[in-house]
Amino acid sequence: MTTRRPISSDDEHRVLQFRPRTSPSPAVHRGSGTVQPLRVAPEPLDLSRYEQPRAEPDDFRHRMLANIAALAFTIALTAIGIWLAVSIADLRRTQDCVLMGRRDCVKITTPHI
């Protein structure tokens, strides 16, 4: 009786050779001498190959003014959101108080004379 193994593709079981970056590349022994593989210097990793020429230079003053305007808008929007949340919570508290049948729900402020 023969043992049948399940059929598996090579993509499932692949062993990759680990080569540390700090060690030099392995030397190849051929005949009586040792041959070192050819090393090609890698290109520097910068973004210069993606740069495109601009028709006009950057206007940093305009950019800073736009950033300040965006910051002011964000702060104003946050303040309005907080005020709205507090107002809704206060209205809900007052409404819950009135629906319970209480009479002293609204705070009355009196000016100091």
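The first residue in the sequence is number 1, and the count goes up from there.
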### Query
Nearest 0.5 Å, what's the CH2-CD1 distance between Trp83 and Ile88?
9.0 Å
### Query
Roughly how far, to the nearest 0.5 Å, is CG of Asp59 from CE of Met64?
12.0 Å
### Task
Check the pair Leu71 / Asn67 against side-chain contact (heavy atoms from CB on, under 4.5 Å), numbers first and verdict last.
CA-CA 6 Å; Leu71 179 66; Asn67 287 343; over 6 Å; no
### Cluster check Leu84, Leu91: I/L/V/M/F/W/Y, side chain < 4.5 angstrom
no
### Query
How many angstroms lie between SG in Cys105 and CG in Leu99, if you round to the nearest 0.5 Å?
9.0 Å
### Query
In Å, rounded to the nearest 0.5 Å, how long is the span from CG of Leu77 to CD1 of Ile82?
10.5 Å
### Message
Between Asp96 and Arg93, does any side-chain N to carboxylate O distance fall below 4.0 Å?
### Response
no
